[in-house]
Protein chains: 2
Amino acid sequence: MGRKAYFNNEEFINSAIKIIAEEGLGALTIAGLSTRVTAPVGSVYHRFPSRDALIAELWLNIIESFQGEWLKILQTDGLKAMLFCMEWVRNHPNEARVMLLYRIDDLTSGEWPENLKKRAQKLSGELQEGVAAFTKKQFGRATKENIDRTFYAIHDAPMGILRRYLQNNQMPPRYVADFILETYEAVMKKTK
Amino acid sequence: MGRKAYFNNEEFINSAIKIIAEEGLGALTIAGLSTRVTAPVGSVYHRFPSRDALIAELWLNIIESFQGEWLKILQTDGLKAMLFCMEWVRNHPNEARVMLLYRIDDLTSGEWPENLKKRAQKLSGELQEGVAAFTKKQFGRATKENIDRTFYAIHDAPMGILRRYLQNNQMPPRYVADFILETYEAVMKKTK
DNA sequence: GACATAATAGAATATCTATTCCAATACTCT
DNA sequence: AGAGTATTGGAATAGATATTCTATTATGTC
């Protein structure tokens, strides 16, 4: 039933990620994306209702991929979760640039399709829960301050420094791991 | 000689900062800015050669203001410099949002006017020097790793967590100071 | 092989907003 | 007062690009 597809969603998503990572969000035009994939614009709109939806989709893909692994590791080991941030950035430079250098609020403007909203909510919920659970395990009680403390140690601080390298189109040096490790140990001591 | 000005550059700059901080970069249109200031668009273009130039100008104003004080403090005390980040964000919420949530590369697209380029270069140079000098004072030698370490402790880590609150339109709680303080002490011990 | 349909093709359209441009004003200086 | 000019005022223009729309082309089914 119907013609066979030459292209597939992933091609468009991945090319779009590359464009944003390499040339910035402004460089992501539907015409440009089509050219890059050697597809007609119609084939983009055949798959994605709008540019915003395409961007939301790629954003969710990235976050789901990162956060899924990260939370799994976090269930057993905070230290590893923190170091995983660094490895992930090194292994997914394009995705990392999109995730760290842009905020979703600025990537898209209009309303999101319902199904994407759901995915976003799910991600947000899982994040909250995962970090809260780890905080409780670590400190006994998951107060707001303790949760913030945890989030700082395993996410904000590592991502803060990694962002700087990505901004300058550099690969984070290995020794960055020392910094965030020392932070983790200092900030996550028990009995806080 | 000539008509007296109703408006002044600062009005436009400050309103533009507010617009970006409150509604995002995309909401900053020349027509919208004019409306907000109750000025005609001609008066914007009378002062700024282009939207990009206006944005570059407001960006430089913010960075100069922040970095100037910050580096001065850094000359004498790293701990205070780090805490200053936090106070500055609390005291300049709009400017902080622009500085922390956007990167200048994405704010503007075209070439900058020559004079703005100069200002940007000056800022960049002063930053390098200031941090290198402090690193040398702290660790004896300003190796690349030590400079990165310093930068992490007094800038990346604090800004990393502050960014998260700004993203959620929240004021960073006071206890954030504890986190970054503990980080500083752990990461900046001598003899590294 | 004809039909139904999924997908490609890409030209035409619609929209948004930066920028231009030309008057109209109000101020200073002589 | 008149000349010269900086500035306001805002309508008109231009350019970019997201989106629509109407073929056209394959593919599976009967």
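The figures that follow rest on heavy atoms only: side chains count, while hydrogens, waters and symmetry mates do not. All values reported here derive from a predicted model rather than from experimental measurement. Letters A, B, ... are given to chains in the order of the sequence lines, protein chains preceding strands, and every chain is numbered from 1.
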Open item on the list: Side chain of His46(B), heavy atoms from C-beta onward: which of dT20(D), dT19(C), dT7(D) has the nearest atom to it?
Closed with: dT7(D)
Task: Residues Arg36(B) and Glu22(B) bridged, charged N to O under 4.0 Å - done: yes
- [ ] Could you tell me the separation between the CZ atom of Phe7(B) and the C1' atom of dT25(C), rounded to a whole number of Å?
- [x] 13 Å
Task: Under-4.0 Å salt bridge between Arg174(A) and Glu145(B) - done: no
Open item on the list: Can you tell whether the side chains of Lys117(B) and Glu111(B) come within less than 4.0 Å, N to carboxylate O?
Closed with: yes
- [ ] State which of dC27(C), dT17(D), dT19(C) makes the closest approach to the side chain of Lys4(B).
- [x] dC27(C)
TODO: With Arg90(B) as the cation and Tyr165(B) as the aromatic partner, state whether NZ or CZ is under 6.0 Å from the six-membered ring centre and within 45° of the axis.
DONE: no
- [ ] Take atom CD1 of Ile30(B) and atom C1' of dC21(C), then tell me their distance rounded to the nearest Å.
- [x] 16 Å
- [ ] Round to the nearest Å and state the distance from Asn8(B) atom CG to dA6(D) atom P.
- [x] 18 Å
Open item on the list: Measuring to OP1 and OP2 of dT7(D), would you say a side-chain N or O of Ser43(B) lies under 4.0 angstrom away?
Closed with: no
Task: Residue whose nearest DNA chain C nucleotide is more 5′ - Asp52(B) or Thr38(A) - done: Thr38(A)
Open item on the list: Counting distance alone, no hydrogens or angles: does the base of dT25(C) have a donor or acceptor under 3.5 Å from a partner atom on the side chain of Arg3(B)?
Closed with: yes
Open item on the list: Can you tell me which nucleotide in dT20(C), dG10(C), dT8(C) comes closest to the side chain of Ala5(A)?
Closed with: dT8(C)
TODO: Name the residue closer to the 5' end of DNA chain D, choosing between Tyr6(B) and Arg51(A) according to the nucleotide with the nearest heavy atom.
DONE: Tyr6(B)
TODO: Give the rounded distance in Å between these two atoms: CZ of Phe48(A) and C1' of dT17(D).
DONE: 18 Å
- [ ] Over all heavy atoms of both residues, which pair between Leu60(A) and Arg119(A) is shortest? Give the atoms and the distance, please.
- [x] CB-NH2, 3.6 Å
Open item on the list: Looking at dT8(C), I'd like to know if its phosphate oxygens (OP1 or OP2) sit under 4.0 Å from a side-chain N or O belonging to Arg47(A).
Closed with: yes
- [ ] Could you check how far CG of Leu33(A) sits from C1' of dA16(D), rounded to whole Å?
- [x] 17 Å
Open item on the list: Need to verify one output field. Residue with the more 5' nearest nucleotide on DNA chain C, Gly2(A) or Pro49(B)?
Closed with: Gly2(A)
Open item on the list: Once you apply a heavy-atom cut-off of 4.0 Å, does Ser34(A) come out as touching a base, just sugar-phosphate, or nothing?
Closed with: nothing
TODO: Take the protein atom CG of Leu25(B) and the nucleotide atom P of dT17(C), then report the distance between them rounded to whole Å.
DONE: 12 Å
